[in-house]
Participant: 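Can you keep this structure in mind? I'll have questions shortly.
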Amino acid sequence: MLKISLDKLDKLFEAISATKTLYIPTDREDGAAEYRKYESGMKLSSALNTVRSAKDFFFPQTENLVDFKMDGKNIEVIDVREESEDFVIFGVRACDARSFTILDKVFLAEPVDSYYKNRRDHGTVVAMACTRPAETCFCGTFGIDAAAPEGDAACYSDGESLFIEAHNEKGQQFIDSIASLLKDGDTSKLEEVRAKTREILKKLPLAKLTTDNFGGDKLNEYFNSDKWGELSESCLGCGTCTFVCPTCQCYDIKDFNTGHGIKRFRCWDSCMYSDFTKMAHGNPRLTQLERFRQRFMHKLVYFPANNNGEFGCVGCGRCLAKCPISMNIVKVMKALEVK
Amino acid sequence: MQEAMINKAKQLLADGVVDRVIGWKRGEFAYDITPAVFTSAEELDESFVYDDFTAANVSKYLVKESRKDGKVLAFLKPCDTYSFNQLVKEHRVVRENVYIVGIPGGPKLDAEKIKAKGITGILSVKNENYTLKIETVYGEESMPFYEAVLDKCASCKSKKHVIYDELMGEEGDVLDSNRFDMVEKLENMTAQERYDFWREQLSKCIRCNACRNVCPACTCEKCVFDNPDSGIENKAPADSFEENMFHIIRAFHVAGRCTDCGECSRVCPQNIPLHLLNRKFIKDINAFYGEYQAGEDAVSRAPLNEYKQNDCEANIVHERGVE
Amino acid sequence: MQVNENKEFQPLIVAFCCNWCSYAGADLAGTNRLNYPDNIKIIRVPCSCRVNPMFILRAFQRGADGVILCGCHPGDCHYTSGNYFTRRRMTLLFSMLDFLGIERDRTRVEWVSAAEGAKFAATMNEFTEAVKKLGPNRRLEDLRCRKQ
Amino acid sequence: MNNDTLIPYIGVVTDIRQDTPDVKTFRVVSPEGGKVFEHMPGQCAMLSIPGVGEAMFSITSSPTNREFMEFSIKKCGCLTTWLHAMDVGQQITIRGPYGNAFPVETELKGKDLLFIAGGIGLAPLRSVINYVRDNRSNYGDVQVIYGSRSKDDLVDYQEIIDEWMNDDGIEVNLTIDNPQEGWDGHVGFVPNYVKELDPSINKTVLICGPPIMIKFTLAGLKELGFKETQVYTTMELRMKCGVGKCGRCNIGNKYVCKDGPVFRFDQLGELPDEY
């Protein structure tokens with residue numbers, strides 16, 4: 001496999017950013033990691049994951065859809081779409097790398113979402129294998145191997161060097177663009193590191209969690225479960241879980257009056273919010289119980305029902321770490337599960 | 001303490017004094033504790049927990065819980081009693097339906113601070129003489145207790161319970177806290193520095209509304225930010241202006257009512273020091289209109305609901321501090 | 001009113017004026033032919049107390065470079081005490097804006113009675129000059145509202 | 001870049017008809033004249049006034065109408081209030097068509113049809129009724145049972161008495177909730193009226209109206225011997241995108257905007273009761 005010494009990472013980043021916009025996870029002042037546009041001197045974060053997931057790059061929190069100019073009774077529609085620039089997201093973890101295939105199933109299904117596709121076409125995902133998974137990790141539950149991430153290309157570290165391999169043509173192009181910095185390397189130590197990582201993954205507290213008893217065929221059984229009341233009773237109805245989730249993709253479309261025109265934009269929305277399904281004449285999800293149920297039913301039942309059994313969760317553990325009241329998909333799965 | 005609380009709760013349930021207990025429920029890990037309602041001794045035995053991670057302020061749940069049938073037992077830490085008292089003042093809780101047992105408070109721990117030390121794979125956390133012994137999948141780790149204390153506890157304002165039906169343990173005192181230090185530090189910066197500081201902080205906001213929804217003072221039936229007719233309803237910070245606006249208005253709506261319980265900062269997934277905005281208002285209110293602690297009593301008028309004829313003029317802002 | 005001919009920065013200033021005193025004061029300034037800049041856009045409100053913090057922020061969002069709030073002198077409020085509440089509210093709001101690093105000279109409260117046409121004109125002249133010195137509002141503007 | 005379904009077309013409102021005190025029917029054409037797009041009966045479109053709001057409305061005109069589309073809209077919320085206040089000539093934005101349609105070319109072909117509607121619920125069915133009238137030879141007997149609060153609340157009353165009632169092979173039964181001066185027709189709620197009329201159980205039923213009406217009518221139909229597989233309805237939930245991506249109009253795993261709005265009751269029966 002091709003490799004580059006870890007102490008030459010700066011050179012690698014410089015080379016990538018010379019031709020394309022590069023985003024890397026980097027440490028913020030408060031200690032949390034965040035994807036930022038690479039600038040000289042920026043260091044790759046050693047944190048396991050960023051607070052915000054990498055979905056931002058393809059499905060940003062807000063984006064302009066279309067502009068309108070209003071003139072008396074007339075309306076002018078202005079298409080504001082522009083071709084995205086080419087960019088590389090470096091250091092995407094296995095869970096986030098998988099999340100893109102889940103988002104693809106929504107946004108690239110007919111009719112294709114051109115806003116998403118535009119960025120997807122221009123973005124190269126360079127994943128990074130995990131070596132230090134945390135207690136909140138349960139990607140294995142969804143068949144993800146943290147030591148062998150997906151993505152257009154993947155990187156692995158053996159502590160000394162960074163090994164890079166391509167998974168598809170886009171990944172190969174990426175490697176070609178930095179070929180001068182890479183040389184062939186021996187992967188025996190890497191294999192040891194990966195084996196060790198896999199051992200740790202097996203020892204994680206959530207390693208035994210399975211999706212065996214979830215899926216599209218359990219729809220009414222779980223929907224009518226009597227556990228929802230207890231599970232949702234302390235839910236604050238905030239959107240933290242939704243907004244840190246790499247696979248949550250619900251959005252709202254809103255208009256903003258700039259004073260000289262209307263901007264129609266879309267933004268992330270959360271099924272946990274009280275107005276999510278509110279209509280002029282009523283709301284089918286009146287209490288937090290229904291909203292809470294919707295989120296987890298979507299991930300564990302509805303999504304697999306519509307997508308050949310694929311679940312709407314990648315086990316990244318962000319909601320486990322960030323929920324203000326520590327209620328999360330793992331607790332829901334354990335409480336709900338009917339064998 | 002946990003044992004004593006469970007016993008107290010069981011006894012009050014058995015005596016028919018209360019029908020339900022609101023407390024904290026054990027999670028998957030050492031730190032992921034969820035506020036919960038318990039209705040039986042079995043449930044209490046099974047999962048009731050009170051330890052270094054039970055930081056959540058349960059007083060806001062009482063807005064809903066106290067309107068249900070029967071009486072609910074609430075274990076309130078000193079800071080929680082301020083929030084509850086403020087809710088009593090605002091007629092948001094039905095006082096008769098709540099039986100309050102005051103319990104000693106923190107300092108409580110912040111799992112994020114442990115993780116920020118690079119300690120991951122946490123399996124258990126033990127406090128041994130104010131050194132945390134942390135068992136992880138990567139081996140044993142340790143760190144000083146006080147380095148993992150929640151920000152809100154590090155600047156604790158009071159160990160005193162301002163409202164309770166019964167007290168467990170010793171009553172504490174109002175503390176001479178250092179809670180305005182950071183506000184003061186910011187005040188002494190230049191406007192540009194302050195602007196840069198807040199831009200850095202507020203640009204992290206993902207508008208998850210956790211700060212609003214957890215806040216015991218935010219109990220409007222319909223928030224202005226959820227009301228499409230308000231003209232300022234917005235779900236996402238589409239522009240830096242909206243980031244600023246949301247946080248100014250959020251803090252302003254609780255100005256004079258915020259007890260400084262620190263929940264907003266605790267729950268922020270992006271670690272924005274939101275309590276600084278609330279403390280700025282508290283500090284200003286103290287300076288301009290006299291010392292005032294929201295929630296300290298259930299009768300006094302909130303500073304923004306009253307006035308004095310000789311109040312300072314608004315332009316005082318232009319005449320003090322650093323430009 | 002003055003006619004601005006040169007290309008120097010011309011701020012947009014929103015003045016919230018209470019119906020009973022300050023708006024009448026502005027009227028008086030007009031009937032007395034006292035000059036005040038055309039940068040000032042007056043919004044009449046029933047009482048200075050009608051102005052909530054959102055009004056101030058929204059003015060900045062929609063392109064104001066400065067916002068001034070004028071009401072009856074303390075003690076003279078048509079509704080007895082409205083302006084006292086305004087005073088507390090705006091003191092805290094302005095202090096918060098200052099805390100966030102928004103230039104403090106962009107905001108002001110002035111008490112102008114119906115008889116103080118001259119004070120109204122003078123205040124507006126002075127405030128406009130102060131805001132002019134600061135330049136365009138960049139720290140509390142909504143980029144979407146900026147005219148291209 | 002290809003056109004995106006989220007970018008709307010312009011439509012011009014060329015006629016506004018006051019149907020009932022709170023329902024108006026709007027005629028919409030493209031600025032160049034003609035229809036903005038083609039649709040099938042039962043499909044919906046997103047109408048919007050930028051800055052006011054955007055919402056899903058069923059297309060009430062039949063696809064056999066080659067010149068324009070019509071929308072019967074009840075004044076209910078923010079956008080509909082605005083629409084009710086506008087004048088002829090106003091441009092609106094329109095995108096679609098969204099959703100499935102009543103299976104007029106497949107399952108309904110050759111069948112005897114029974115339409116049951118309550119109030120504004122006639123709007124989506126009107127499209128089908130007129131489609132059937134214009135392709136009369138493809139379908140058997142047609143019966144329409146339509147009820148409203150009062151005579152003034154009967155949507156498309158003029159079209160019903162002028163056209164539908166004069167057609168051969170269409171039986172129209174109207175009812176209103178309470179007796180009213182100038183009304184010599186039936187008085188009573190729709191579910192009871194359906195039972196009174198005792199329609200042949202060979203008919204395929206298309207039903208739309210307030211949820212409570214649908215609930216009781218369906219129970220009544222079952223009593224009469226109708227099977228759930230014979231009954232179709234059309235649903236409405238809050239929608240934003242119209243293409244099953246924004247995630248809010250689902251009932252179970254089905255999105256009303258994409259997999260609906262038309263459902264057969266046996267299909268609905270498999271889904272959770274959350275609508």
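Note on naming: letters A, B, ... go to the chains in the order of the sequence lines (proteins, then strands), and numbering restarts at 1 for each one. All values derive from a computational prediction rather than experimental measurement.
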Participant: Heavy-atom distances under 4.5 Å only: say whether A/Thr240 touches chain B with side chain, backbone, both or neither.
Facilitator: both
Participant: Within a strict 4.5 Å, meaning less than it, do heavy atoms of the A/Val330 and B/Phe29 side chains meet?
Facilitator: no
Participant: Kindly check if the number of other-residue, nucleotide or ligand heavy atoms within 6.0 Å of CD (A/Glu39) is above 12?
Facilitator: no
Participant: Rounded to the nearest 0.5 Å, what's the gap from NZ on B/Lys235 to NZ on A/Lys254? Could you check?
Facilitator: 5.0 Å
Participant: With a 4.5 angstrom heavy-atom cut-off, is it the side chain or the backbone of A/Asp30 that approaches chain B, or both, or neither?
Facilitator: both
Participant: Please flag which part of A/Glu230 lies under 4.5 Å from any non-hydrogen atom of chain B: side chain, backbone, both or neither.
Facilitator: side chain
Participant: With chain B as the partner, which of A/Cys267, A/Pro133, A/Gly237 has the greatest number of non-hydrogen pairs under 4.5 Å?
Facilitator: A/Pro133
Participant: How close do A/Cys238 and B/Cys208 get, counting heavy atoms only, and between which atoms?
Facilitator: CB-O, 3.4 Å
Participant: Counting neighbours of NZ on A/Lys227 that are heavy atoms of other residues, nucleotides or ligands and sit closer than 6.0 Å, is the number greater than 12?
Facilitator: no
Participant: Heavy-atom distance under 4.5 Å to chain B: side chain of A/Ala321, backbone, both or neither?
Facilitator: both
Participant: Look at atom NZ of B/Lys222 and say whether more than 12 heavy atoms of other residues, nucleotides or ligands are closer to it than 6.0 Å.
Facilitator: yes
Participant: Can any side-chain N or O of A/Glu233 pair as donor or acceptor with the backbone N or O of B/Val37 at less than 3.5 Å?
Facilitator: yes
Participant: Report which part of B/Ile122 has an atom under 4.5 Å of a heavy atom belonging to chain A: side chain, backbone, both, or neither.
Facilitator: both
Participant: Between A/Gly239, A/Ser46, A/Ala32, which residue shows the highest count of heavy-atom pairs closer than 4.5 Å to chain B?
Facilitator: A/Gly239
Participant: Testing the basics here: between B/Tyr61 and A/Leu236, what is the closest heavy-atom pair and its distance to 0.1 Å?
Facilitator: OH-CD2, 3.8 Å
Participant: Can you check side chain to side chain contact (heavy atoms under 4.5 Å, CB included) on B/Glu28 and A/Leu320, steps first, answer last?
Facilitator: CA-CA 9 Å; B/Glu28 291 293 318; A/Leu320 277 67; over 6 Å; no
Participant: How far does CG of B/Asn234 sit from OG1 of A/Thr62, to the nearest 0.5 angstrom?
Facilitator: 10.5 Å
Participant: With rounding to the nearest 0.5 angstrom, report the CG to SG distance, A/Asp275 to B/Cys223.
Facilitator: 10.5 Å
Participant: Let me know if A/Pro60 has heavy atoms under 4.5 Å from chain B in its side chain, its backbone, both or neither.
Facilitator: neither
Participant: Hey, mind stepping through A/Val51 and B/Lys204 against side chain to side chain contact (heavy atoms under 4.5 Å, CB included) and telling me if it holds?
Facilitator: CA-CA 10 Å; A/Val51 179; B/Lys204 297 191 291 194; over 6 Å; no
Participant: Measure B/Glu43 against the heavy atoms of chain A and call it side chain, backbone, both or neither at under 4.5 Å.
Facilitator: neither
Participant: Heavy-atom distance under 4.5 Å between the side chains of B/Asn209 and A/Tyr273, does that happen here?
Facilitator: yes
Participant: Would you compute the distance between atom CZ of A/Arg52 and atom CD1 of B/Ile206 and round it to the nearest 0.5 angstrom?
Facilitator: 6.5 Å
Participant: Taking side chain as everything from C-beta outward and backbone as N, CA, C, O, which of these in B/Lys64 sits under 4.5 Å from a heavy atom of chain A? Side chain, backbone, both or neither.
Facilitator: neither
Participant: What part of B/Ala238 is in contact with chain A, defined as an atom under 4.5 angstrom from a non-hydrogen atom: side chain, backbone, both or neither?
Facilitator: both
Participant: Measure distances from A/Arg28 to the heavy atoms of chain B and classify the residue's part below 4.5 Å as side chain, backbone, both or neither.
Facilitator: side chain
Participant: Can you say whether B/Gln270 sits under 4.5 Å from chain A via the side chain, the backbone, both, or neither, judging by heavy atoms?
Facilitator: both
Participant: Do the side chain of A/Ser326 and the main chain of B/Thr34 share a donor and acceptor less than 3.5 angstrom apart?
Facilitator: no
Participant: What option among B/Val267, B/Asp32, B/Ile22, B/Thr120 has the most heavy-atom pairs under 4.5 Å with chain A?
Facilitator: B/Asp32
Participant: Side chain, backbone, both or neither: which part of B/Lys113 has a non-hydrogen atom closer than 4.5 Å to chain A?
Facilitator: neither
Participant: Look up atom SG in B/Cys205 and atom CD in A/Gln61, then write down how far apart they are to the nearest 0.5 Å.
Facilitator: 7.5 Å
Participant: If we only count heavy atoms from C-beta on, is the A/Lys322 to B/Glu112 side-chain gap below 4.5 Å?
Facilitator: yes
Participant: Can you tell me if A/Ser234 and B/Lys25 form a side-chain donor-acceptor pair at under 3.5 Å?
Facilitator: no
Participant: Quick one, A/Leu204 and B/Val137 - any side-chain contact, counting heavy atoms below 4.5 Å?
Facilitator: yes
Participant: Within a reach of under 6.0 Å around CD of A/Glu29, are more than 12 heavy atoms found that belong to other residues, nucleotides or ligands?
Facilitator: no
Participant: Is it the backbone or the side chain of A/Lys263 that comes under 4.5 Å from a heavy atom of chain B, or both, or neither?
Facilitator: neither
Participant: With rounding to the nearest 0.5 angstrom, report the CZ to CZ distance, B/Arg207 to A/Phe243.
Facilitator: 8.5 Å
Participant: Between A/Ile325 and B/Trp24, is any pair of side-chain heavy atoms under 4.5 Å apart?
Facilitator: no
Participant: In terms of heavy-atom proximity below 4.5 Å to chain B, should A/Leu206 be classed as side chain, backbone, both, or neither?
Facilitator: side chain
Participant: Can you tell me which portion of A/Thr136 sits under 4.5 Å from chain B's heavy atoms? Options are side chain, backbone, both or neither.
Facilitator: both
Participant: Give, as side chain, backbone, both or neither, the part of B/Arg212 having an atom under 4.5 angstrom from any heavy atom of chain A.
Facilitator: neither
Participant: Counting heavy-atom pairs under 4.5 Å to chain B, which of A/Glu34, A/Met272, A/Lys203, A/Lys331 comes out on top?
Facilitator: A/Lys331
Participant: Looking at B/Gly118, B/Gly27, B/Pro35, B/Ala116, which has the largest count of heavy-atom pairs under 4.5 Å with chain A?
Facilitator: B/Pro35
